[in-house]
Colleague: 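One structure coming up, written as structure tokens, with questions to follow.
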Amino acid sequence: AKPRTDAARDITRRAIKRGEIAPTVPSSTIVDLLVGAMFTHWDMTPEAGRRRLRQTFPAYAESLVDIILAGVAVTSGWAVLESPADNATT
């Protein structure tokens, strides 16, 4: 699994260099979002539904990529990740 993870991180780093993903977003976080969601989806699917899931999983993975990229995309300037503490008023 490590070579795949390294490859995925390299892909996201290249997208950051091209300006497609905000530079404030760690490449490992993008990979974690994708792999974590896919693993959870697979793990939570009852055994009886796994046959169908095998057929629909590629489309599910594509939709995850679209959603994640929309969330980390550079729209104007570049995105900034904020913690809840940054938004708190004193």
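Atom set for the values below is all heavy atoms of this structure, side chains included, hydrogens, waters and symmetry mates excluded. Everything quoted here is computed from the prediction, not taken from an experiment.
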Colleague: May I ask whether V35 and F57 are part of the same hydrophobic cluster, defined by side-chain heavy atoms of I, L, V, M, F, W, Y residues being less than 4.5 angstrom apart, directly or through others?
Modeller: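 No, V35 does not connect to F57 through the hydrophobic network.
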Colleague: Excluding sequence neighbours, so at least two apart, what forms side chain to side chain contact (heavy atoms under 4.5 Å, CB included) with R51?
Modeller: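 Partners of R51 under the side chain to side chain contact (heavy atoms under 4.5 Å, CB included) test: none.
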Colleague: Looking at every heavy atom in both I16 and P23, which two are closest together, and how far apart are they?
Modeller: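 The answer is CG2-CA, 3.8 Å.
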Colleague: Do E20 and L69 have side chains that get closer than 4.5 Å, going by heavy atoms?
Modeller: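 No, their side chains stay 4.5 Å or more apart.
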Colleague: Is R52 atom CZ crowded by more than 12 heavy atoms from other residues, nucleotides or ligands, each under 6.0 Å away?
Modeller: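 No, because the 6.0 Å sphere around CZ of R52 holds 12 heavy atoms or fewer from other groups.
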Colleague: Going from CG on L53 to CE on M44, what distance comes out if it is rounded to the nearest 0.5 angstrom?
Modeller: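 Between L53 CG and M44 CE, I get 13.5 Å after rounding to 0.5 Å.
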Colleague: Return the minimal non-hydrogen interatomic distance between S27 and T12, and the atom names on each side.
Modeller: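 Minimum heavy-atom contact is CB-OG1, 2.8 Å.
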Colleague: Applying side chain to side chain donor-acceptor pair (under 3.5 Å), name anything that partners D10, two or more places apart in sequence or on another chain.
Modeller: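 Result, side chain to side chain donor-acceptor pair (under 3.5 Å) vs D10: R13.
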Colleague: Taking the side chain from T40 and the backbone from A37, do they hold a donor-acceptor pair closer than 3.5 Å?
Modeller: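 No, the answer is negative, given that no donor and acceptor are paired below the 3.5 Å cut-off.
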Colleague: I'd like to know if L34 and I67 are part of one continuous hydrophobic network [Ile/Leu/Val/Met/Phe/Trp/Tyr, side-chain heavy atoms within less than 4.5 Å].
Modeller: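 No, I67 does not connect to L34 through the hydrophobic network.
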Colleague: To the nearest 0.5 Å, what is the distance between CZ on R9 and CG on D32?
Modeller: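 If we round to the nearest 0.5 Å, R9:CZ and D32:CG are 6.5 Å apart.
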Colleague: Taking V25 as the starting point, is it possible to reach V31 by hopping between hydrophobic residues whose side chains are less than 4.5 Å apart?
Modeller: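 No, no single cluster joins them.
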Colleague: Measuring from atom CD1 of I21 to atom CD1 of I68, what distance do you get when rounded to the nearest 0.5 angstrom?
Modeller: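 So the CD1 of I21 and the CD1 of I68 are separated by 10.0 Å.
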Colleague: Of the options I11, V65, V72, which is the one that meets I30 in a side chain to side chain contact (heavy atoms under 4.5 Å, CB included)?
Modeller: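 When side chain to side chain contact (heavy atoms under 4.5 Å, CB included) is applied between I30 and each of I11, V65, V72, only V72 qualifies.
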